[in-house]
Amino acid sequence: HATLREIRRTPEGIKIAQRAFEEFVTNNDFLLPREVVYTGCGSSYFLSQPLAMATTHRGGRGVALPCSELLYSREYYPVREPELLVSISRSGETTEAINALQSLDVPKFALTAYESTLSREADYALVVPAHEESVVMTHSFPAFYFAFLQLLNTSFGQETYDAEMASELTKEILKNEGYVREITEEFDFRNVIFLGSGILYPVALEAMLKMKEMALFWSEAYPTFEVRHGFKSVADDGTLVVLLVNEPFDWHEKLTEEFQGQGARVLTIGNGDTGADYFIGFPEVDELLSPILHLPLIQLLSYYKAVKRGLNPDSPRFLSKVVKW
Ligand code: F1P
């Protein structure tokens with residue numbers, strides 16, 4: 001399957017991202033301002049969220065909105081006159097992402113995989129050619145994220161990440177592919193809940209979408225501890241809870257136990273175990289970088305769930321690669 005090949009290309013995607021970033025800074029006299037609105041559709045919207053969070057975390061102010069909300073309901077959001085509007089679209093041809101560029105009268109920036117309508121209509125374009133055959137976005141997501149983080153670091157006076165090191169870390173993480181496959185084979189879960197906090201919450205949302213797109217499988221995502229407030233009632237012995245963490249602490253352990261008490265099984269992914277049924281560990285990395293390690297794993301989980309269900313994740317029913325109006 002193209003999808004599996006593309007997930008396995010994550011380490012290469014990071015290198016492509018680094019080259020795209022370097023080319024961008026060589027050709028453009030441009031630094032990101034402090035107040036930035038990010039927008040996109042689908043996975044590109046879920047990517048706009050960690051970028052907005054990273055902007056805020058680094059001392060700026062980032063807001064993320066789906067393109068359609070920016071177009072038709074923006075008066076309900078804290079969006080007035082930001083210093084920059086970043087529109088994200090893998091194809092660069094999604095109607096909403098292109099139209100969104102016109103929604104605010106501020107400088108416009110495109111983050112895309114192609115020289116496209118979006119890149120031509122924006123004032124600046126960071127083109128990250130992590131191309132994909134598959135309908136669903138996989139390795140392009142961490143690649144876009146990494147390229148833009150590098151630009152954010154440079155703009156906000158921080159050191160950039162060592163791209164070789166980042167690429168190598170994703171290569172290491174992909175060695176868990178066999179284990180992820182085993183989990184899906186051993187436990188034929190009936191539903192799945194993804195949990196993440198801070199920068200890992202949008203990663204949980206993206207995981208939820210990947211499950212729906214690739215495996216046509218119902219899934220949910222919540223900010224980690226929010227799940228205890230009602231949502232956990234659906235978790236039983238057919239449920240897999242995927243806990244995305246960076247630095248686990250006692251609440252993560254209590255949460256794991258609580259779900260296990262309901263009969264659910266927990267898969268913890270992060271740099272410490274929480275007493276989970278399944279655990280994938282990785283080294284300590286800068287928190288903002290951690291999504292590039294979590295993403296390939298949750299993509300593999302969706303991929304192998306699709307395979308287990310006898311589906312072809314390359315071309316899911318009812319979906320198309322580019323959504324036009
Ligand atoms: C956005 C998107 C994808 C999704 C599906 C439909 O595309 O929502 O995220 O996987 O293929 O389109 P794009 O604007 O990033 O090209």
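Each ligand, and each atom within it, is numbered from 1 in the order the structure gives.
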(request) With heavy atoms of S43 as the reference, note each atom of ligand 1 found under 4.0 Å away. (result) 9 (O)
(message) Enumerate the ring-ring contact (aromatic ring centres under 6.0 Å, His included) contacts for residues 72-107, please, sequence neighbours excluded, ordered by first and then second residue.
(response) none
(message) Under 4.0 Å, heavy-atom basis, I'd like to know which part of A97 is in contact with ligand 1: side chain, backbone, both or neither.
(response) neither
(message) Would you say N153 and E159 are linked by a side-chain donor-acceptor pair, where the criterion is simply a distance under 3.5 Å?
(response) no
(message) Any donor-acceptor pair under 3.5 Å linking the side-chain atoms of S140 with those of E132?
(response) yes
(message) Donor-acceptor check, side chain of E213 to backbone of S43, threshold 3.5 angstrom: yes or no?
(response) no
(request) Establish, from distance only, whether the side-chain atoms of S44 and S89 form a donor-acceptor pair under 3.5 Å. (result) no
(request) Decide whether the shortest distance between a heavy atom of C41 and an atom of ligand 1 is less than 4.0 Å. (result) yes
(request) Name the closest protein heavy atom to atom 12 (O) of ligand 1, giving the residue it belongs to and the distance to 0.1 Å. (result) K321 O, 3.7 Å
(message) Only heavy atoms of T94, strictly under 4.0 Å: list the atoms of ligand 1 that pass.
(response) 7 (O), 13 (P), 14 (O), 16 (O)
(message) Would S320 count as a contact residue for ligand 1, given that I'm defining contact as a non-hydrogen atom of the residue lying under 4.0 Å from a ligand atom?
(response) yes
(message) Using the salt bridge (Lys or Arg N to Asp or Glu O under 4.0 Å) criterion, which residues pair with K175? Sequence neighbours excluded.
(response) E172
(message) Looking only at protein heavy atoms, which one is nearest to atom 4 (C) of ligand 1, and what is the separation?
(response) E213 OE2, 3.3 Å
(message) Using 30° and 60° as the class boundaries, would you call the ring planes of F249 and H252 parallel, tilted or perpendicular?
(response) perpendicular
(request) Flag V136 as yes when one of its N or O atoms lies below 3.5 Å from any N or O atom of ligand 1, and as no otherwise. (result) no
(message) Tell me whether ligand 1 is touched by V135 - counting only heavy atoms on the residue side and a distance under 4.0 Å.
(response) yes
